[in-house]
Structures are given as C-alpha cells and as structure tokens.
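A quick write-up on the structure given underneath.
Just so it is clear, the structure is predicted and the values come from calculations on it, not from any experiment.
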Amino acid sequence: MSPNTVIDRIELLLNKDEHTQHQYLLQQFDYSISAAYPIADESEKRIDVHASGCNREEPDELFLEWIANHPGTWSGVVHIFFKNEKAPGLSIHFKQSILNSYSQSFTENSGYQQNGYFAAQLKEVTINQLQMN
C-alpha cells in the first residue's frame, strides 16, 4: 500500500494575541530551515525558519495587520491535511512571526482569483512536536 501523499487542504490559524485569531485556507505553503551563524564563531549558532505561502482569499483586516507588522505576538499554526485524513499529517507551530514580504498581482479581464503571496520569518517553531529554534 502506498503512502497517502495527496494534500487535501492547508490551514493557517493566525493569532494576533490570545483573544484575536482567524483561520485562513492556503493554496500553497513552503518552509525552509537553515543554520545562521558566522562561520568563525559557532557559539552564536541559531536556526532560522522561513515560511512562504499563497492565500486563497482576499486578505481581511487581521491579515493586513500581519502584513504591516502591527504590534502583536503573531503566533499560529499551519496544518497540512492529507486526503481522507481527519488529523493533520504535518503541524508547524510558531510563537512569533515577522512578515518579510507580501505581493499580489491583478490582471485585467481575468476571471481568475488574484492570490496573494507572503514570506515570513518564524520564531520558536515546533514541527510535529520537535522544537526547531
């Protein structure tokens, strides 16, 4: 039997603070983990986690506040659900985030949805129960 690798949905639960949150559906999501330290001094070694994605709907006020790096803790979780599975196959929790960029383009006379693309740096990241940074 082959493993279930078809992604059914990608959810982002974004929290501005402990009282303000919203769930977003993403069309696409990427993350990268890299070591970040001066080669000459490994004592300052740290792990950076960067994420990027494409939202499926127009940004609401909360998402725009995140884009503009308004004050807040901006924590959250990304859940990747595979086809016919009720529990997420991958969960990426973060306790802080800083938006690096957001872009959206529009095409005249197009009936296609105009998705927005974001890139963020994530802090205090846990992937499936394993602490990254």
Side-chain angles (χ1 to χ4, degrees):
M1 185 169 169
S2 62
N4 185 1
T5 59
V6 177
I7 295 173
D8 185 50
R9 72 184 183 282
I10 306 166
E11 297 176 353
L12 165 64
L13 180 62
L14 183 63
N15 307 300
K16 178 179 181 178
D17 53 43
E18 59 187 44
H19 304 292
T20 309
Q21 65 177 223
H22 188 78
Q23 179 177 316
Y24 300 95
L25 293 176
L26 302 180
Q27 184 175 16
Q28 173 267 327
F29 180 78
D30 297 303
Y31 72 95
S32 65
I33 301 167
S34 59
Y37 61 92
I39 288 179
D41 186 6
E42 286 193 41
S43 67
E44 296 181 29
K45 189 174 184 176
R46 70 177 197 274
I47 300 293
D48 285 345
V49 179
H50 297 275
S52 62
C54 175
N55 52 338
R56 293 177 65 181
E57 58 240 323
E58 289 296 316
D60 63 2
E61 186 175 333
L62 182 68
F63 202 87
L64 289 172
E65 287 182 26
W66 187 43
I67 291 168
N69 286 313
H70 280 207
T73 56
W74 299 110
S75 63
V77 61
V78 175
H79 290 299
I80 311 293
F81 289 89
F82 292 99
K83 201 96 153 142
N84 302 318
E85 299 290 333
K86 293 182 192 229
L90 180 67
S91 294
I92 302 167
H93 295 260
F94 55 96
K95 292 188 179 177
Q96 291 183 328
S97 64
I98 298 171
L99 240 301
N100 295 335
S101 67
Y102 181 80
S103 64
Q104 189 174 22
S105 63
F106 301 90
T107 305
E108 184 178 39
N109 296 318
S110 173
Y112 293 105
Q113 183 178 358
Q114 308 301 317
N115 299 327
Y117 298 87
F118 64 87
Q121 183 173 351
L122 308 180
K123 296 182 179 184
E124 298 182 62
V125 175
T126 304
I127 300 175
N128 286 354
Q129 313 299 321
L130 182 64
Q131 186 72 35
M132 294 290 128
N133 62 359

Can you tell me how far [atom2] of [Y] sits from [atom1] of [X], rounded to the nearest 0.5 angstrom?
X	Y	atom1	atom2	result
K123	I98	NZ	CD1	4.0 Å
E124	S75	CD	OG	10.0 Å
L26	R9	CG	CZ	12.0 Å
Q27	I7	CD	CD1	12.0 Å
F81	D8	CZ	CG	9.0 Å
H93	L130	NE2	CG	12.5 Å

Linking I/L/V/M/F/W/Y whenever any side-chain heavy atoms sit under 4.5 Å apart, do [X] and [Y] land together?
X	Y	result
I67	W74	yes
Y102	L14	yes
L64	L13	no
V77	F118	no
Y117	L62	no

Can you see which heavy atom on [X] is nearest to which on [Y], and at what distance?
X	Y	result
Q28	S52	NE2-O, 4.2 Å
T73	N15	OG1-O, 4.3 Å
C54	N115	SG-CB, 3.2 Å

**Message:** How about CD on E18, more than 12 heavy atoms from neighbouring residues, nucleotides or ligands closer than 6.0 Å, or not?
**Reply:** no
**Asked** Does the pair F63 and H22 meet the rule for a side-chain contact (heavy atoms from CB on, under 4.5 Å), with working shown?
**Response** CA-CA 9 Å; F63 202 87; H22 188 78; over 6 Å; no
**Asked** How far apart are the C-alpha atoms of F29 and I92, what are their side-chain angles, what is the distance that settles it, and do they pass the side-chain contact (heavy atoms from CB on, under 4.5 Å) test?
**Response** CA-CA 11 Å; F29 180 78; I92 302 167; 3.6 Å; yes
**Request:** With side-chain contact (heavy atoms from CB on, under 4.5 Å) as the test, would you mind laying out the steps for K16 and W66 before giving the verdict?
**Result:** CA-CA 8 Å; K16 178 179 181 178; W66 187 43; over 6 Å; no
**Message:** For M132 and L122: C-alpha separation, side-chain torsions, deciding distance, then whether side-chain contact (heavy atoms from CB on, under 4.5 Å) applies.
**Reply:** CA-CA 10 Å; M132 294 290 128; L122 308 180; over 6 Å; no
**Message:** Any non-hydrogen side-chain atom of I127 less than 4.5 Å from a side-chain atom of V49?
**Reply:** no
**Asked** Considering the options L25, N55, I80, which one meets the side chain to side chain contact (heavy atoms under 4.5 Å, CB included) requirement together with I10?
**Response** I80
